[in-house]
Amino acid sequence: MARTRIAEILKQDTPPGTVTVMGWVRTKREAKSFSFLEINDGSCLANLQVVADRGVSGYDESVVAARTGASVKVEGTVVPSQGQGQRWELQATKVELLGAAAEDYPLQKKGHSMEFLRGISHLRPRSNLFGAVFRMRSRMAYAIHRFFQERGFVYVHTPIITGSDCEGAGEMFRVVTMDGEAAKSGAEEFFGKPTYLTVSGQLEGETFASALSDIYTFGPTFRAENSHTSRHASEFWMIEPEMAFCDLAGDMDLAEEMIRHLVSDALESCAEDLAFCNQFVDKGLVERLQLVRDQAFERISYTDAVELLRASGETFEYPVEYGLNLQSEHERYLTEKHFRRPTTVYDYPKEIKPFYMRRNDDGKTVAAMDLLVPGIGEIVGGSQREERLEVLRANLAEHGLEESHYDWYLDLRRYGTVPHAGFGLGFERLLMFVTGVANIRDVIPFPRTPGAAGF
RNA sequence: UCCUCUGUAGCUCAGCGGUAGAGCGGGUGGCUGUUAACCACUAGGUCGUUGGUUCGAUCCCAACCGGAGGAGCCA
């Protein structure tokens, strides 16, 4: 099945001669004595225009029968195109229909609504937009690994099934066997105790940072929250670096450097797909990404942010007050109106943050940080972790958590504790930011949300 | 979990208390180095479901189901 990818053909400066191309028919324009077929194989956004004369081998059985959606194999010669709109085209010598498409093939040449395409998750990657999005998803995953590997971080696979039942990061899915009776009684738990799908690999990540210094995780994460928004899914991917011998400042530095690196990589290596997103999804996308790449990020303490918001004269639906969480509208004001750039907010009141964050010397705040980006809001959340055993125990007590559940976590503080810090990056949030796509369901191949787990 | 909007042809939508229409898509024919091609003809809908109001409901009311957006929570 030797073939040449369309991306390979289209990037040539001189025609590559005779090739065999395989792909799916995006559209066909038929004339009396010949046809134009536009073929896409997913290797790039652009189609390859095939010119098939009526005399071509297999014309009646293949070219005539090849409707939009059909798969074909085309042999021919790459030649400069006589028409506008493409540099090269394939002058076919032989066309073979690999798989016909029934006439009810749902993807039309016209634009479809995102809602409709969500209903056909198995076919939507054949559309321009979803092809672009999922090529970029792949590229961003690669760029993330490269970013960390080049800096000496070790990739750690933290467990997907976990026994930590109070990580404080949201509602969890319970793991049970198919035998309902045993699950109900609890007597015959498969693992001997209740288990859940992970909501974060952070605590496990800390154990490896306490051995290998700089580590990161990159894997699926599950939240059983019944949220119905464009930014939440029940299953998503998260990147969680954790660094020993690192404080909050170093943590913020890394998060900002990472975001800038990924945006820069997208601009460089996904130019064609980005241009498409810029035209059809978000007209300001490329310009915004260029600003992120080129400008310094803003950094402001929670305390100063609250003051700034109160002094802004802006009327908010929810009150701005020290001790309250910043609302979406507040974050939006900071990144979209006031600073107009990615902004890191740090040093939050201890009452609104989890037990593991490091208590600051002021006694009121913890060394936490959220990196906010325009259009999305929080994309990174992180902190310096509490490395002092007694302070951590006090935090557990203050949060009403049972110390015995955190034995192994406390051990890290008993045996050679070190200052350390880390953060979590929502992979899909990053993709939304980088593609301009407004709904998280449209950057996940088969999204899982409350009430929806199709395919 | 709460609030709001929405459900008419394959898709996007219009419509109206008297049982339905457009554009695109599909099919057929024609035409052209075409490119969201063009022209003509044509097929296709128990108007989300179940009740209620009414002489009569796709239209009004209620419940339910599905979809979307927002809030909260977070990534």
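To find a chain, count down the sequence lines: A is the first, B the second, and so on, and within it residues start at 1.
- Nucleotides B/A14 and B/U6 have their P atoms positioned 11 Å apart, rounded to a whole Å.
- In this structure, A/Asp347 CG and A/Lys353 NZ are separated by 11.0 Å, a value rounded to the nearest 0.5 Å.
- A 4.5 Å side-chain heavy-atom check between A/Val72 and A/Glu96 finds every atom pair outside the cut-off.
- The residue among A/Glu329 and A/Gln49 whose nearest nucleotide of RNA chain B is located toward the 5' end is A/Gln49.
- With P as the reference atom, B/C65 and B/G26 are 37 Å apart, rounded to whole Å.
- Considering only the side chain of A/Glu38, B/U35 comes nearest among B/A71, B/C11, B/U35.
- Between A/Arg299 and A/Asp253 there is a salt bridge, with a side-chain nitrogen of the basic residue lying less than 4.0 Å from a carboxylate oxygen of the acidic one.
- Residue A/Arg332 has no polar side-chain atom (N or O) positioned under 4.0 Å from OP1 or OP2 of B/G70.
- Rounded to whole Å, the separation between the P atoms of B/C11 and B/G25 comes to 15 Å.
- Of the P atoms belonging to B/U49 and B/C31, the separation is 45 Å, rounded to the nearest Å.
- A/Ser43 and A/Glu8 share no side-chain donor-acceptor pair at under 3.5 Å.
- B/A71: Watson-Crick or G-U partner is B/U1, with both key distances under 3.5 Å.
- Straight-line distance between the P atoms of B/C73 and B/A68: roughly 23 Å, to the nearest whole Å.
- Of the P atoms belonging to B/U8 and B/C60, the separation is 14 Å, rounded to the nearest Å.
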Per-nucleotide protein contact string for nucleotides 24-29 of chain B (B base, S sugar-phosphate only, - none; heavy atom under 4.0 Å): BSSS--
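- Between the side chains of A/Gln295 and A/Arg260, no donor-acceptor pair is found at a separation under 3.5 Å.
- For the pair A/Lys94 and A/Tyr59, the NZ or CZ position fails the cation-pi test of under 6.0 Å to the six-membered ring centre and within 45 degrees of the ring normal.
- Using atom P as the reference point in both B/U54 and B/C59, the two lie 16 Å apart (nearest Å).
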